Amino acid sequence: SHHIILLLINYLAKYKELNGIVATAFSVTPRVDKMCQHFGLEQRVTKIGFKEIASIMVEEDVLIGGEESGGIAVKGHIPERDGIWMGLIIWEFMAKSGKTLDQLIDEVYELVGQFKFERNDLHITDDLKQKIIANCAANKYQNFGPYKVKELKTTDGYKYFFDDERWLMIRPSGTEPVLRNYAEAPTLEEVREILKICEQTITAWLIVFYKKKEEICLNSKLIMSDHNNEIYSNAVRAGRRTYFFDVKATRGNDLYLTLTESKKSTSEDGYENYQKHKIFLYKEDFEKFKEGFEDALSKIEELKSSGEYAE
């Protein structure tokens, strides 16, 4: 949606020569401000939620209003999210300019620079969520790994700026025990690295936990992020699920394995979530786990060969 917002600003301001306020939610890329400066447009940053943008649109002259989750409205239409209308405008842009979507994106990059964005939703207890937010409010995070915080904005959440091209945002969901982490950087690889470092940093002081049924169970081993070295990682994608096999080392240099199931889903408010469930295996458990896993697979093959179950 960040790229769509930038495409629409470029089309409406440059090609259609329209003007007005650009109202965007706090989680939207700050490159919108760079584009607004280029075209001499006023930008207004709102709290998250399209109602915040709509309240401005009904009272003032707004060119475009948009939020990170994909809700976008433009001048000359209703002050409400309309994905079909936005798609039609983009198609019109392509038809009138004679350019492909990639070429139009490159035109945007010439003005604001190339960037990637991703969000990671941590499904944790409300208590843990509040403790992390309390740390944010107390300004305890001065750096995230090698990324030093140069500026912090708190319009609606905690947005940490590392430089002009890289930032991280931490914001709790107001309706569910989810902590949303947002990141932007020049490449997708770096975005995911920032999100990974963020997760390690904000949970470093916690006892490692995993979700079992509806309760949060505590593991007796404390693994600090500074010593949580990843030695090997392998991702196995299976439909909407991805399984991560990560070999890591504790501060005592003992190897352990984390098995993570990540499932993509969409919440009622339109956000895409990644539900994660993690298991920690330590060296004393490796053989027992291997034996149990191989025994279960062997049983599956035996049952399939009996003809009673599908191949």
Side-chain angles (χ1 to χ4, degrees), residues 1-54 56-57 60-119 155 159 161 164-167 169 182-192 266 269-272:
S1 60
H2 305 266
H3 290 81
I4 298 298
I5 292 171
L6 291 167
L7 279 170
L8 290 170
I9 295 172
N10 192 39
Y11 180 48
L12 297 177
K14 179 181 177 180
Y15 290 84
K16 303 198 78 169
E17 299 182 344
L18 299 175
N19 54 41
I21 298 168
V22 174
T24 53
F26 186 54
S27 55
V28 171
T29 174
R31 294 171 196 263
V32 169
D33 181 57
K34 184 181 292 188
M35 180 167 279
C36 286
Q37 290 181 31
H38 177 79
F39 291 118
L41 302 172
E42 177 188 350
Q43 190 206 8
R44 194 108 26 110
V45 177
T46 72
K47 290 186 175 182
I48 293 173
F50 197 81
K51 64 180 181 179
E52 304 289 342
I53 295 170
I56 300 175
M57 296 190 75
E60 302 185 58
D61 181 22
V62 173
L63 177 65
I64 180 173
E67 56 181 353
E68 169 266 335
S69 61
I72 305 172
V74 298
K75 192 173 190 174
H77 194 49
I78 59 174
E80 183 54 273
R81 296 164 290 189
D82 191 336
I84 295 175
W85 188 255
M86 298 311 113
L88 290 171
I89 294 175
I90 295 296
W91 282 339
E92 179 186 64
F93 189 9
M94 294 170 65
K96 288 189 173 182
S97 66
K99 295 181 179 180
T100 65
L101 189 58
D102 285 340
Q103 289 172 328
L104 294 178
I105 290 290
D106 288 339
E107 192 172 308
V108 166
Y109 286 160
E110 289 176 6
L111 297 176
V112 303
Q114 188 169 342
F115 72 98
K116 300 296 180 183
F117 171 91
E118 197 164 273
R119 195 187 77 195
T155 301
K159 203 167 188 177
F161 291 86
D164 291 339
E165 295 189 321
R166 298 165 180 84
W167 58 269
M169 179 174 158
Y182 314 70
E184 181 181 305
T187 67
L188 187 58
E189 291 75 19
E190 188 173 12
V191 166
R192 289 174 176 170
T266 304
D269 58 5
Y271 285 102
E272 289 185 347

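Values in this document were obtained by computation on a predicted structure and should not be read as measured data. Residue numbers start at 1 and run along the sequence shown.
- The two residues Pro79 and Phe50 come nearest to each other via the heavy atoms O-CE2, 3.8 Å.
- Between Arg44 and Glu42 there is a salt bridge, with a side-chain nitrogen of the basic residue lying less than 4.0 Å from a carboxylate oxygen of the acidic one.
- Contact detail for Gly20 and Leu41: the closest heavy-atom pair is O-CD2, 3.8 Å.
- Heavy-atom minimum distance, Phe161 versus Pro30: CE2-CG, 3.9 Å.
- The backbone N or O of Glu68 lies less than 3.5 Å from a partner atom in the side chain of Ser1, making a donor-acceptor pair.
- For the side-chain contact (heavy atoms from CB on, under 4.5 Å) with Val112, the lone residue among His2, Glu165, Lys34 that qualifies is Lys34.
- A cation-pi geometry, defined here as NZ or CZ lying under 6.0 Å from the six-membered ring centre and within 45° of its normal, does not hold between Lys96 and Tyr15.
- Between Lys75 and Asn19, the closest heavy-atom pair is NZ-O, 2.7 Å.
- Side-chain contact between Tyr11 and Leu104: absent, with no pair of heavy atoms (C-beta onward) separated by less than 4.5 Å.
- Aromatic ring pairs are classed by plane angle as parallel below 30°, tilted from 30° to 60° and perpendicular above 60°; the pair Phe117 and Tyr182 is tilted.
- Counting non-hydrogen atoms of neighbouring residues, nucleotides and ligands closer than 6.0 angstrom, the CG atom of Asp106 exceeds 12 such neighbours.
- Results of the side-chain contact (heavy atoms from CB on, under 4.5 Å) test with Phe39 over Val22, Leu111, Leu63 single out Leu111 as the only residue that passes.
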